[in-house]
Amino acid sequence: MSNFFRKILIKITGIGSCDTPRIQINKAVADEVYNEVMMDIPYLNKISPAYIQRRYKVDYDTAANVIDLLEENNIIGLADGAKPREVNR
């Protein structure tokens, strides 16, 4: 990637360095959104990546990472096609 595009990327994303891998950036954002979602979980019956995208203004990759974290921690049930996931009580 040229220096010109790196400077633009820094301005657009607000990230101080383009040397930080994108995966680490997405993981940090997903962790932050995960904590916010955990505060809303008691009020939800179902959750989906689309809900997370709209509610928290994040991209699909971040929303999917949050869903994966919720599933790993048994907060939500397993996938059933494209339907929203049930929140475990």
Side-chain angles (χ1 to χ4, degrees):
M1 180 183 295
S2 72
N3 286 337
F4 173 75
F5 288 114
R6 286 182 187 192
K7 289 178 184 177
I8 291 174
L9 184 60
I10 289 170
K11 287 182 181 179
I12 291 172
T13 61
I15 298 167
S17 170
C18 287
D19 296 334
T20 305
R22 182 183 172 113
I23 294 170
Q24 288 179 353
I25 295 167
N26 284 345
K27 179 73 170 141
V29 171
D31 288 343
E32 185 177 322
V33 174
Y34 175 83
N35 291 332
E36 292 181 30
V37 169
M38 286 304 295
M39 297 178 118
D40 288 344
I41 284 290
Y43 307 105
L44 301 174
N45 293 322
K46 295 183 179 187
I47 193 165
S48 67
Y51 171 82
I52 294 171
Q53 284 180 273
R54 286 190 308 271
R55 175 80 169 85
Y56 302 101
K57 310 287 189 236
V58 295
D59 62 0
Y60 179 80
D61 290 339
T62 302
N65 286 337
V66 171
I67 290 291
D68 290 343
L69 288 171
L70 291 169
E71 183 179 336
E72 287 173 16
N73 293 315
N74 294 323
I75 306 297
I76 60 174
L78 299 175
D80 183 18
K83 297 178 183 176
R85 310 275 190 104
E86 293 283 334
V87 175
N88 294 333
R89 299 283 174 205

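Taken from CD in Gln53 to OG in Ser48, the straight-line distance is 8.5 Å, to the nearest 0.5 Å. Distance CD1/Ile47 to CD1/Ile52: 4.0 Å, rounded to 0.5 Å. Note that NZ of Lys57 and CZ of Arg55 are 9.0 Å apart. Values are rounded to the nearest 0.5 Å.
Residues that satisfy the salt bridge (charged side-chain N to carboxylate O under 4.0 Å, His left out) test with Glu36, not counting sequence neighbours, are absent from this structure.
The hydrophobic cluster containing Tyr60 does not contain Leu70, counting ILVMFWY residues as joined when their side-chain heavy atoms lie under 4.5 angstrom apart, directly or transitively.
Between the side chains of Thr62 and Asp59, at least one donor N or O lies within less than 3.5 Å of an accepting N or O.
For residues 62-72, every residue pair satisfying the salt bridge (charged side-chain N to carboxylate O under 4.0 Å, His left out) rule, not counting sequence neighbours, is listed here: Glu71-Arg85.
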Return a table of donor-acceptor pairs under 3.5 angstrom between the side chains of residues 73-80 and protein atoms on other chains or two or more places apart.
unit_1: Asn73; atom_1: ND2; unit_2: Tyr34; atom_2: OH; d: 3.0
unit_1: Asn73; atom_1: ND2; unit_2: Leu69; atom_2: O; d: 3.1

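The minimum heavy-atom distance between Arg89 and Ile41, with the atom names listed, is NH1-O, 3.6 Å. Of all the heavy atoms in Ala63 and Pro49, the pair that sits closest is CB-O, 3.5 Å.
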Between Val66 and Met38, does the side-chain contact (heavy atoms from CB on, under 4.5 Å) criterion hold? Intermediate values first, please.
CA-CA 10 Å; Val66 171; Met38 286 304 295; over 6 Å; no
